[in-house]
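Have a look at the structure below, then the notes.
First the proteins, then the strands, lettered A, B, ... as listed; each starts at 1.
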Protein chains: 2
Amino acid sequence: MGETGRRARPGPRRALSEREILDAAMRLLDGGGAEALSVRSVAAELGVAPNALYTYFASKPVLVRALVDDLLGQVGPGTLTPADDDWRGAVTRFALALRETLLAHPGAVPLLLGSGFDGPNALAGGEALLDLLVRAGLPQDTASRASYLIITYILGTVALDAAELPPGVPRPDDAARTAARRGRLAGIPADRFPRTAATADVVAGYNSTEQYLWGLTRLLDGILTGPPGRSTAS
Amino acid sequence: MGETGRRARPGPRRALSEREILDAAMRLLDGGGAEALSVRSVAAELGVAPNALYTYFASKPVLVRALVDDLLGQVGPGTLTPADDDWRGAVTRFALALRETLLAHPGAVPLLLGSGFDGPNALAGGEALLDLLVRAGLPQDTASRASYLIITYILGTVALDAAELPPGVPRPDDAARTAARRGRLAGIPADRFPRTAATADVVAGYNSTEQYLWGLTRLLDGILTGPPGRSTAS
DNA sequence: ACCTGAACACCGTTCAAGT
DNA sequence: ACCTGAACACCGTTCAAGT
């Protein structure tokens with residue numbers, strides 16, 4: 001391992017940074033899932049001794065929390081801001097963006113659920129969503145409850161979705177995903193699970209964007225508690 | 001649980017079984033969270049060599065899946081069955097029972113989200129919920145989508161809840177939990193998160209049973225997509 | 001301030017061997 | 001069939017030391 005050389009092409013593996021560490025960690029996560037992420041594997045990825053990372057992160061849990069919140073920060077920041085009166089559309093865009101960001105890194109999802117949703121970027125996202133709901137005209141306390149309900153739905157859906165995605169391979173599109181699930185559903189005994197078998201076509205699509213939007217629409221309808229029929233989502 | 005030997009008090013640590021292993025694993029999980037559960041710690045708990053467990057479970061992931069599904073099997077089996085016409089009440093009872101069972105073992109929740117919701121008992125629970133919704137009069141496909149929406153809400157809520165519970169100590173009641181959260185919320189900058197600060201009383205209660213039921217009610221209202229006001233839940 | 005070597009107490013899993 | 005001893009390739013973290 002050389003050092004001091006100016007042209008760092010194949011050059012020295014020095015000059016670490018938080019950014020570089022988080023990027024390497026995410027690379028490992030994407031390649032092999034949560035179990036591929038270790039202090040030692042990150043260090044190896046960066047060509048550095050394992051304990052070098054402790055200069056930047058006090059422990060592995062601290063690193064993981066930073067990684068997770070960093071990912072949340074990648075959700076399109078403008079997704080939730082103005083929303084020309086169409087607040088259901090804005091919530092829908094936000095929900096889609098957050099889901100897309102997380103499912104692009106399925107290995108990070110169990111880490112997110114394990115670390116909690118309380119980093120700076122998580123707080124900022126919650127605030128933005130809440131602000132939107134208030135500006136939409138919901139009473140403040142209702143808006144607060146509703147924002148948690150929405151977050152809870154997004155994360156629950158994404159968690160079940162991500163748990164089924166194998167690490168290291170690109171995420172299949174909805175059609176392929178549904179087809180694969182339908183194949184697996186063919187194996188479940190119809191006499192013991194008749195309703196599940198009878199609706200296998202729907203069950204196969206549980207992880208689809210379409211089911212996601214269906215659920216979100218029901219949820220927003222329920223929040224309004226008013227008569228349906230004026231959905232803007234989708 | 002002794003067998004052949006009559007006085008197995010300080011006796012031989014033999015005669016293992018799947019049941020005994022799962023119980024020991026859950027004990028460790030309850031005592032120290034997910035990180036306290038290792039093949040070696042379970043073996044030590046049972047006074048047995050680490051590799052002895054491989055007679056019963058092919059690998060740690062297999063053990064974890066069994067553990068998680070076993071826990072799901074503990075949800076009151078009758079919670080969801082007849083429901084004298086009051087299907088919202090039945091769904092509510094089911095949602096409360098599932099949440100209670102999982103939050104009694106918060107360390108198991110990240111394992112559940114990581115393992116997926118596809119064991120035999122998970123399937124049976126999904127079937128029972130779906131069956132209830134069909135019998136309630138929902139069109140079959142709508143019932144199927146709705147059952148997934150409900151599951152997704154329950155698991156998302158429980159995941160965020162469990163992530164905040166420290167292992168090894170009994171779960172605080174809602175009042176204590178809310179008070180502790182409010183204390184922490186006092187520390188967030190009101191200028192950067194004005195809406196969150198303004199609704200801190202609500203935010204403090206995000207993990208309460210009351211908020212849980214509020215969300216569930218909105219959800220069921222949305223599933224009906226009809227006019228509100230005839231909620232049976234709670 | 002930042003990195004390394006070496007060591008600590010752990011992991012999950014396999015293999016050959018014993019009963 | 002069921003368990004053990006020993007070993008393998010890993011973990012996260014600490015400590016003293018180097019620059």
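Under the 3.5 Å distance criterion, with hydrogens and angles disregarded, no donor-acceptor pair is assigned to the side chains of T178(A) and Y206(A).
Taking atom CD on E18(B) and atom P on dC3(D), their separation rounds to 12 Å, with Å as the unit. Taking atom CG of residue L63(B) and atom C1' of nucleotide dC11(C), one finds them 15 Å apart after rounding to whole Å. Between the CD1 atom of I21(B) and the P atom of dC2(D) there is a distance of 11 Å, rounded to whole Å. If you measure from atom CG of L37(A) to atom P of dC11(C), you get 19 Å, rounded to the nearest angstrom. When the P atom of dG12(C) is taken as reference, atom CZ of F57(B) falls 14 Å away, rounded to whole Å. If you measure from atom CG of L46(A) to atom P of dC3(C), you get 10 Å, rounded to the nearest angstrom. Straight-line distance from the CG atom of L28(B) to the P atom of dG12(C): 11 Å, rounded to whole Å. Per the geometry, CD belonging to E35(A) stands 10 Å off P belonging to dC11(D), to the nearest Å.
Across dT4(C), dT13(D), dT13(C), the shortest atom-to-atom separation from the side chain of A52(A) is found for dT4(C). Closest to the side chain of T55(B), from the set dT13(D), dC3(D), dT14(C), is dC3(D). The side chain of V48(A) has dC3(C) as its nearest neighbour among dC3(C), dG12(D), dA7(D). The side chain of S38(A) has dG12(D) as its nearest neighbour among dG12(D), dG12(C), dC3(D). When the nucleotides dT13(D), dC2(C), dT14(C) are ranked by their closest atom to the side chain of Y56(A), dC2(C) comes out on top. With dT4(D), dT13(C), dC11(C) as the candidates, the nucleotide lying closest to the side chain of A49(B) is dT4(D). Closest to the P61(B) side chain, of the nucleotides dT4(D), dC11(D), dT13(C), is dT13(C).
Checking S41(A) against A58(A), the closest nucleotide of DNA chain D that is more toward the 5' end is the one next to S41(A). Of the residues near DNA chain C, R40(A) and R40(B), the one whose nearest nucleotide (by heavy atom distance) lies more toward the 5' end is R40(A).
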* Determine, stepwise, if the pair L63(B) / I21(B) fulfils side-chain contact (heavy atoms from CB on, under 4.5 Å). => CA-CA 9 Å; L63(B) 197 173; I21(B) 292 170; 4.2 Å; yes
* **CA sep, side-chain torsions, deciding dist, call: R177(B), D161(B), salt bridge (Lys or Arg N to Asp or Glu O under 4.0 Å)** => CA-CA 10 Å; R177(B) 185 75 176 288; D161(B) 196 332; 2.8 Å; yes
* Take E164(A) and R171(A), measure what salt bridge (Lys or Arg N to Asp or Glu O under 4.0 Å) needs, and give me the verdict at the end. => CA-CA 10 Å; E164(A) 217 185 76; R171(A) 178 159 69 108; over 6 Å; no
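A side chain to side chain contact (heavy atoms under 4.5 Å, CB included) with M26(B) is found for one member of D23(B), D30(B), L28(B) and no other, namely D30(B).
Stem regions for DNA chain C, each three or more consecutive Watson-Crick or G-U pairs with both distances under 3.5 Å and listed by first number, read C:4-8 with D:12-16, C:12-16 with D:4-8.
Side chain of Y153(A) to backbone of G156(B): no donor-acceptor contact under 3.5 angstrom is found.
Contact check on E100(A) versus R93(A) returns no salt bridge, with no Lys/Arg side-chain nitrogen under 4.0 Å from an Asp/Glu carboxylate oxygen.
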